[in-house]
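Throughout, protein chains are lettered first and strands after them, A, B, ... in sequence-line order, and every chain is numbered starting at 1. Everything numeric here is computed off the predicted structure, so don't read it as measured data.
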Protein chains: 2
Amino acid sequence: MGASKLHIYSEEINQMATMAKVFAHPARLSILQYISKQDSCICNDIVDEIGLSQPTISQHLKVINEAGLLKGSFEGKSICYCLNVDRFQEFQSHLNTFFNTTASNCC
Amino acid sequence: MGASKLHIYSEEINQMATMAKVFAHPARLSILQYISKQDSCICNDIVDEIGLSQPTISQHLKVINEAGLLKGSFEGKSICYCLNVDRFQEFQSHLNTFFNTTASNCC
DNA sequence: ATGTAATATTGCAATATTACGATATTAAAA
DNA sequence: TTTTAATATCGTAATATTGCAATATTACAT
C-alpha cells in the first residue's frame with residue numbers, strides 16, 4: 001500500500017485536497033508570486049529568479065496550469081503566463097468556506 | 001535528487017507551503033471536519049468514521065497536531081482532541097494574505 | 001530549409017508520503 | 001497485579017513527488 005485511498009472521501013474533500021496541494025510546494029508559491037508581480041511572465045525568467053532548472057520549473061507550471069490557475073498567451077516563441085485571477089479567487093473562496101464552516105462548529 | 005530545495009525560498013514561503021501541506025490530504029481534511037463537528041473527539045471514533053487504520057489516523061493526527069491545530073485533553077484512557085481555533089484562524093489569515101497580495105498585483 | 005531560442009517531455013534517481021501490521025505504551029478497570 | 005481498551009510508535013512496502021540531464025518540440029529568424 002501507500003497511495004491515498006481517494007474513494008473513501010467525498011468529491012468535495014478530494015477537490016479541496018487537490019487545491020491545497022498546488023500551494024503545498026514553495027516553488028509553486030514562488031512562481032505564483034512572481035507571475036503576479038510581473039505584467040507578464042516567461043518561463044526562463046522564473047528559472048533565473050527561483051533557482052531551479054528549466055524542466056523543473058516547467059513541471060511546476062504544468063501543475064499550476066492544470067489546476068486552472070494560469071492564463072497563457074503566446075508572444076513569439078515565448079509564452080506569456082498570467083494568473084487566472086477568477087480561478088485564483090475561486091480557490092480562495094473555497095478554502096475560506098472550509099475554514100469558516102469547520103471553525104464555527106467547533107467546541 | 002528529489003527532495004525539495006527549501007533553502008532557496010524565503011522563510012515565509014516555506015511556512016506557507018508547510019501550512020498548505022496539512023490541508024493537502026483528504027484524510028486530514030476529513031479529520032479536521034470531523035473534529036469540529038463533535039464536542040470532543042476520540043481517535044478510534046475517527047477510525048470508524050473515515051475508514052483508515054488506527055495507525056494511519058494516528059499518523060495524520062500527528063501531522064495536524066505538529067502544525068499546532070489541535071488542543072488535546074486527556075479523559076481517562078482516551079484523548080479528547082479539539083480544534084485549536086485560534087491557530088486555525090491564524091492559518092486562514094496567512095493564506096488569505098497570500099491570496100490577496102498575489103491577486104492584487106496581477107496584470 | 002536551416003539555425004536558434006524558448007518551452008515541453010521523457011527517463012531516471014533521490015526523497016517523501018501514505019498505509020498498515022506488529023508491537024509498545026499508557027491508564028483505567030477488574 | 002493482571003487484564004483490557006485506547007492511542008502511539010516502529011518497520012516496511014507501495015506509491016507519489018521532486019529535480020535534473022538529455023532530448024523533443026515549437027515557432028520565429030536568417
Undergrad: If you compare every side-chain N and O of A/Lys62 against the phosphate oxygens of C/dT7 (OP1, OP2), does one of them come in below 4.0 Å?
TA: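 Result: no.
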Undergrad: Toward the 5' end of DNA chain D, which comes first, A/Pro55 or A/Ala24, by nearest nucleotide?
TA: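 Of the two residues, A/Ala24 wins.
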Undergrad: From the set C/dT17, C/dA19, C/dT9, return the single nucleotide nearest to any side-chain atom of B/Lys21.
TA: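 Of the candidates, C/dT17 comes closest.
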Undergrad: Taking OP1 and OP2 of C/dC20, is either one under 4.0 Å from a side-chain nitrogen or oxygen of B/Thr56?
TA: yes
Undergrad: Any base atoms under 4.0 Å from B/Leu52, or only sugar-phosphate, or nothing? Heavy atoms, all strands.
TA: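 Here B/Leu52 touches the backbone only, sparing every base.
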Undergrad: If you look at every heavy atom in B/Asn100 and A/Gln92, which pair is closest and at what distance?
TA: OD1-NE2, 3.0 Å
Undergrad: Between C/dA16, C/dA8, D/dG19, spot the one nearest the side chain of B/Ala3, thanks.
TA: C/dA16
Undergrad: What I'd like to find out is whether the side chain of A/Lys5 reaches to under 4.5 Å of the side chain of B/Leu52, using heavy atoms alone.
TA: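 Yes; the side chains approach each other to less than 4.5 Å.
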Undergrad: Report the nucleotide, chosen from D/dT18, D/dT7, C/dT18, that has the shortest atom-to-atom distance to any side-chain atom of A/His25.
TA: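 In terms of side-chain proximity for A/His25, the closest of D/dT18, D/dT7, C/dT18 is D/dT18.
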Undergrad: Could you check B/Asn84, B/Ile79, B/Ile35, B/Ile31 and say which one makes a side-chain contact (heavy atoms from CB on, under 4.5 Å) with B/Leu70?
TA: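 Single side-chain contact (heavy atoms from CB on, under 4.5 Å) partner of B/Leu70 among B/Asn84, B/Ile79, B/Ile35, B/Ile31: B/Ile35.
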Undergrad: Is a side-chain donor or acceptor of A/Arg87 paired with a backbone partner of A/Lys71 at a separation under 3.5 angstrom?
TA: no
Undergrad: Rounded off to whole Å, could you give me the CD1-to-P distance for the A/Ile31 and D/dT18 pair?
TA: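 So the two atoms are 11 Å apart, to the nearest Å.
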Undergrad: State which of D/dT7, C/dA19, D/dC20 makes the closest approach to the side chain of B/Gln54.
TA: D/dT7
Undergrad: For B/Tyr81 and D/dA6, is the shortest distance between a side-chain N/O and OP1 or OP2 below 4.0 Å?
TA: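 For D/dA6, OP1/OP2 do not have a side-chain N/O of B/Tyr81 under 4.0 Å.
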